[in-house]
Amino acid sequence: MAMQHRLAVDEQTIKRNIDLNLKRLKRQYDISVNEYDEVSLLELSHALRMWVDMQDHVQSYLTQHLSEKQFRVYTLRPELEKACCGSKYLVTYFVGGLTTYSTDKPLVSFRGIGQGPSVMSFGMRPPSAGGAWINYVLLLAEYKIKYEYEPETAFLTSDASFKKWLESEVVRVCFTDEVGEREERLISRIMLIKRVANNLGGSHPAGVFDVVHKYDKAVDFLLGYEVGGLPLPYYILLKSAYDILTGFDYL
């Protein structure tokens with residue numbers, strides 16, 4: 001295979017790419033917060049994949065023109081991380097809510113994890129009344145966590161650059177897969193965007209160009225894990241789009 005080289009891109013082209021993809025992301029965000037189907041998830045994942053591909057140019061632009069713009073990242077407190085060790089769990093971070101479409105089913109799937117203590121701030125409304133108001137951190141474990149944590153006390157919060165935000169952990173999960181094997185993964189935002197886009201066929205036809213990846217089982221599990229009747233990655237990707245758009249004052 002011939003080696004591919006990145007071409008130098010001038011500042012005007014970088015600005016145009018950012019402006020164009022802000023419009024593209026905003027259009028898909030507006031669709032996705034009002035309705036959900038597989039196509040909307042595909043398009044949202046692909047729109048976010050563009051920001052992964054542009055990350056160096058976006059970071060350079062922000063550093064030069066919007067140096068005060070920071071993104072928020074969340075880290076599980078050490079004592080809570082220790083409590084999760086040895087249990088099956090799912091932890092995801094999207095403090096700072098948004099309102100989005102949801103079904104009428106305010107349910108949480110426990111497939112492959114087991115019902116244990118949880119921390120949620122999840123306001124459910126029927127679609128006719130605006131869908132779901134999301135401002136929560138979801139923590140599920142088996143039976144090892146003895147204390148309840150509020151989102152404000154469960155996580156450490158810090159500012160980060162755009163690239164550090166992409167690279168930061170957005171979900172960690174320990175579960176039993178379909179053949180009974182234990183899987184434990186810490187998944188960054190950039191990895192989740194890439195694998196959802198690739199697994200579902202958002203960036204190219206599923207099964208055509210992709211290869212087996214060590215995160216595939218975890219991402220497949222997350223796609224089958226539902227909150228309010230919708231797959232968990234939908235909320236995470238939607239919150240990622242929200243963070244980009246608000247970071248650029250585009251909402």
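Values below: every heavy atom of this structure, side chains too, minus hydrogens, waters and symmetry copies.
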From H46 NE2 over to L237 CG, what is the distance, rounded to the nearest 0.5 angstrom? 13.5 Å
Gap separating the CZ atom of F248 from the CG atom of L22, nearest 0.5 angstrom: 5.5 Å
Ignoring hydrogens and geometry, is there a side-chain-to-backbone donor-acceptor pair from S168 to W165 under 3.5 Å? yes
Between M191 and R185, is there a side-chain heavy-atom distance shorter than 4.5 Å? no
If you compare all heavy atoms of Q70 against all heavy atoms of S161, which two are closest, and at what distance to 0.1 Å? OE1-N, 3.7 Å
Applying side-chain contact (heavy atoms from CB on, under 4.5 Å), name anything that partners Q12, two or more places apart in sequence or on another chain. D10
Go through the steps for I236 and V196 under the test side-chain contact (heavy atoms from CB on, under 4.5 Å), then give the verdict. CA-CA 11 Å; I236 302 174; V196 171; over 6 Å; no
Strictly distance-based, threshold 3.5 Å: is any side-chain N or O of Q55 a donor or acceptor partner for the main-chain N or O of V52? yes
Evaluate the criterion side-chain contact (heavy atoms from CB on, under 4.5 Å) for residue pair K217 and E181; output intermediate values, then yes/no. CA-CA 10 Å; K217 286 185 180 180; E181 293 182 353; 3.4 Å; yes
What one should report as the nearest heavy-atom pair of A197 and S45 is CA-OG, 3.6 Å
List the steps, then state whether side-chain contact (heavy atoms from CB on, under 4.5 Å) holds for V58 with N21. CA-CA 11 Å; V58 172; N21 280 282; over 6 Å; no
Aromatic plane relationship, Y36 with Y234 - under 30° parallel, 30 to 60° tilted, over 60° perpendicular: perpendicular
As an exercise, state the distance from CG of D243 to CG of L245, rounded to the nearest 0.5 Å. 9.0 Å
Answer yes if L44 and Y250 sit in the same cluster of Ile, Leu, Val, Met, Phe, Trp and Tyr residues linked by side chain heavy atoms under 4.5 Å apart, and no otherwise. yes
Distance, nearest 0.5 Å, that separates OG of S32 from OH of Y242: 15.5 Å
Shared hydrophobic cluster, I31 / Y29 (ILVMFWY, side-chain heavy atoms < 4.5 Å): no
For the rings on W51 and F71, is their centre-to-centre separation under 6.0 Å? no
Of all heavy-atom pairs between K214 and E183, which one has the smallest distance, and what is that distance? O-OE1, 4.5 Å
As a test of understanding, state which of E81, R172, E184 forms a side-chain hydrogen bond (donor to acceptor under 3.5 Å, both in side chains) with Y89. E184
Minimum side-chain heavy-atom gap L90-L232 below 4.5 Å: yes
Can a donor-acceptor pair be found, under 3.5 Å and without considering hydrogens, that links the side chain of S60 to the backbone of D56? no
Hits for side-chain contact (heavy atoms from CB on, under 4.5 Å) against R72, two or more places apart or cross-chain, chain-then-number order -> Y74, T157, D159
Nearest atoms (heavy-atom pairs only) where N17 meets M54: CB-SD, 3.9 Å
Check whether R24 reaches the backbone of A47 with its side chain - one donor and one acceptor, N or O, closer than 3.5 Å. no
Taking the side chain as everything from C-beta on, heavy atoms only, tell me whether D249 gets closer than 4.5 Å to L66. no
In Å and rounded to the nearest 0.5 Å, what is the NZ to CD1 distance from K239 to I244? 11.0 Å
Nearest heavy atoms of S188 and L166, plus distance in Å: CB-O, 4.0 Å
Whether the side chain of T92 engages the backbone of V170 through a donor-acceptor N/O pair (distance < 3.5 Å, no angle test) should be reported. yes
Rounded to the nearest 0.5 Å, what separates atom CG in L48 from atom CZ in R189? 9.5 Å
Lys/Arg-Asp/Glu bridge criterion (N-O < 4.0 Å) met for K23, D19: no
